[in-house]
Amino acid sequence: MKLYLVSLAVGVLVGIIYGGLGVRSPAPPAVALIGLLGMLIGEQVVPPVKRLLAGEPVNLVWFHRECVPKITGLPGPVAKAETGDPSKRPDTPQG
């Protein structure tokens, strides 16, 4: 139930922002998609901040592995299989 209340509150906040900017809701498709992209990017601000506060390093490799797949929707880098059998490695074409 808490998730729904938070979602509603954020929706109201976005509605207030849209009203202040003079954008009608539902927003035109391009505006809505840019807004969704902004939300995806904004969500990925939190993990690096948490890592920094925990004293852990934040570098491009970590960001590319952990954050980019969540922003783009594309799968992240595939871990290499521990086996020496090439047919068992995920990066080997099957067929």
Side-chain angles (χ1 to χ4, degrees):
M1 182 70 170
K2 180 180 175 183
L3 179 63
Y4 294 108
L5 293 175
V6 170
S7 181
L8 177 63
V10 170
V12 169
L13 178 62
V14 170
I16 291 169
I17 293 170
Y18 271 33
L21 294 173
V23 176
R24 289 184 37 215
S25 186
V31 174
L33 290 175
I34 296 298
L36 288 172
L37 176 61
M39 289 169 52
L40 288 171
I41 293 170
E43 287 177 351
Q44 297 313 307
V45 170
V46 176
V49 170
K50 284 183 176 180
R51 281 183 68 92
L52 287 172
L53 291 175
E56 298 175 14
V58 175
N59 55 39
L60 286 177
V61 172
W62 175 85
F63 183 81
H64 183 69
R65 186 182 70 240
E66 297 296 325
C67 298
V68 171
K70 294 173 186 166
I71 295 171
T72 63
L74 300 174
V78 178
K80 300 270 187 210
E82 303 251 344
T83 178
D85 182 1
S87 66
K88 303 289 184 198
R89 291 198 330 230
D91 60 344
T92 303
Q94 302 295 318

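We count residues from 1, following the sequence as given.
Hydrophobic clustering (side-chain heavy atoms under 4.5 Å, transitive across Ile, Leu, Val, Met, Phe, Trp, Tyr) groups I17 together with V6. Hydrophobic clustering (ILVMFWY, side-chain heavy atoms < 4.5 Å, transitive): V14 and L37 are in distinct clusters. L13 and L21 fall within the same hydrophobic cluster, defined by Ile, Leu, Val, Met, Phe, Trp and Tyr side-chain heavy atoms under 4.5 Å apart, directly or through other members.
Screening residues 33-59 for salt bridge (charged side-chain N to carboxylate O under 4.0 Å, His left out) gives R51-E56 as the qualifying pairs, with residues at least two apart or on separate chains.
Through direct or relayed side-chain contacts under 4.5 Å between Ile, Leu, Val, Met, Phe, Trp and Tyr, Y4 connects to no other residue.
Few gaps surround CG on L5; more than 12 heavy atoms of other groups in view lie less than 6.0 Å from it.
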Using a 3.5 Å cut-off and no angle test, enumerate the donor-acceptor pairs between side-chain atoms of residues 67-75 and protein atoms at least two apart in sequence or in another chain.
unit_1 : atom_1 : unit_2 : atom_2 : d
T72    : OG1    : V68    : O      : 3.0
T72    : OG1    : L74    : N      : 3.2

